Every structure is written in C-alpha cells, then in structure tokens.
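Report on one structure; see the data block that follows.
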Amino acid sequence: RVEESREALQTSLRIRGVIQACEERCASLTAERAEADSEELAVRSSCERLAMQLEDDLPGLLALSEACHRSGSEADRARAAAKRRADAAAQLEEEVEEVRREAENE
C-alpha cells in the first residue's frame, strides 16, 4: 500500500508538472498573442497613415504627371521646330554654295 501511495504521489507530481508546463506555455502564448496584436495595430495604423498621405499627395502627383506630359509635348514640338530650322538652314547653305559655284564658273 505504501508503494501504491508513492506511485500515486509520483504520478500526481508528474501530472502537476505537466499542468504547470501547460499553464506556463499558455501564459507565454497569451503574451505572444498580445504582442502580435499590438504589432498588428501598429501596422494597421501605419498603413492608414500612408493611405491618408497618398490621398493627400495624389492631386499633386496627378498635376505633376500632367505637367510632365505637357512639357514632353512642348519639348517634342520644340525639337521638331529646331529640326525644321536646321534643315532650312542647311538647305539655304547648299543653295548659297551652289550660287557661289555658279558665280565662280561664270
């Protein structure tokens, strides 16, 4: 009977140890969950701030995009006009050179 009582006591102690380990693990998981919830809240808050900032910046970015498009179009027109002027100047130089050659040949 003493041996049975000793085994029962050892079994009870092992069970108590297992229960304590489970309680500690539960406490640890609860703390990890609280930390994860806090991090999630911080991330959500950060995302909301970024979304609001993007909403605030969007009109300016759209205006900048339109200005860049207009500038690009104006630059294309200016390049085309400069090319036409350069071509006309080259044509004029060729005509002047041809007139000189004709004048020298006469």
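Keep in mind that this is a model prediction, so the values were computed, not measured.
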> Taking it one step at a time, do R44 and E40 satisfy salt bridge (Lys or Arg N to Asp or Glu O under 4.0 Å)?
Replying inline: CA-CA 6 Å; R44 284 180 187 263; E40 178 184 8; 2.9 Å; yes
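- Residue pairs that meet the salt bridge (charged side-chain N to carboxylate O under 4.0 Å, His left out) test with at least one member in residues 59-75, sequence neighbours left out, do not exist here.
- Side chain of S71 to main chain of A67: a donor-acceptor pair is present (N/O by atom type, distance under 3.5 Å, no hydrogens or angles).
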>> For a side-chain contact (heavy atoms from CB on, under 4.5 Å) check, start with the C-alpha distance between H69 and S65, then their side-chain angles and the critical distance, and finish with the verdict.
In response: CA-CA 6 Å; H69 180 70; S65 172; 5.7 Å; no
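- Counting only distance, with no hydrogens or angles, the side chain of S28 and the backbone of E24 share no donor-acceptor pair below 3.5 Å.
- The distance from the CD1 atom of I19 to the SG atom of C26 is 11.5 Å, given to the nearest 0.5 Å.
- Expressed to the nearest 0.5 Å, how far CG of L64 lies from CG of D57 amounts to 11.0 Å.
- Here the rule is side chain to side chain contact (heavy atoms under 4.5 Å, CB included) with E98, and of E95, R101, E94 only R101 fits it.
- With rounding to the nearest 0.5 angstrom, the CG atom of L13 is 9.5 Å from the CD atom of Q20.
- In this structure, CE on M52 lies 11.0 Å from SG on C47, to the nearest 0.5 angstrom.
- Looking at residues two or more places apart in sequence or on another chain, you find a salt bridge (charged side-chain N to carboxylate O under 4.0 Å, His left out) between R100 and E97.
- Interatomic distance, R16 CZ to L9 CG, rounded to the nearest 0.5 Å: 8.5 Å.
- Side-chain contact check for R49 and S45: at least one donor-acceptor pair (N or O, by modelled atom type) lies under 3.5 Å.
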>> Test side-chain contact (heavy atoms from CB on, under 4.5 Å) on E3 and R6; report intermediate values, then the result.
In response: CA-CA 5 Å; E3 186 62 32; R6 190 175 295 151; 3.7 Å; yes
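- With respect to D87 and R84, no salt bridge is recorded, no charged nitrogen being found less than 4.0 Å from a carboxylate O.
- Rounding to the nearest 0.5 angstrom, the gap separating the CG atom in L29 from the CZ atom in R25 is 4.0 Å.
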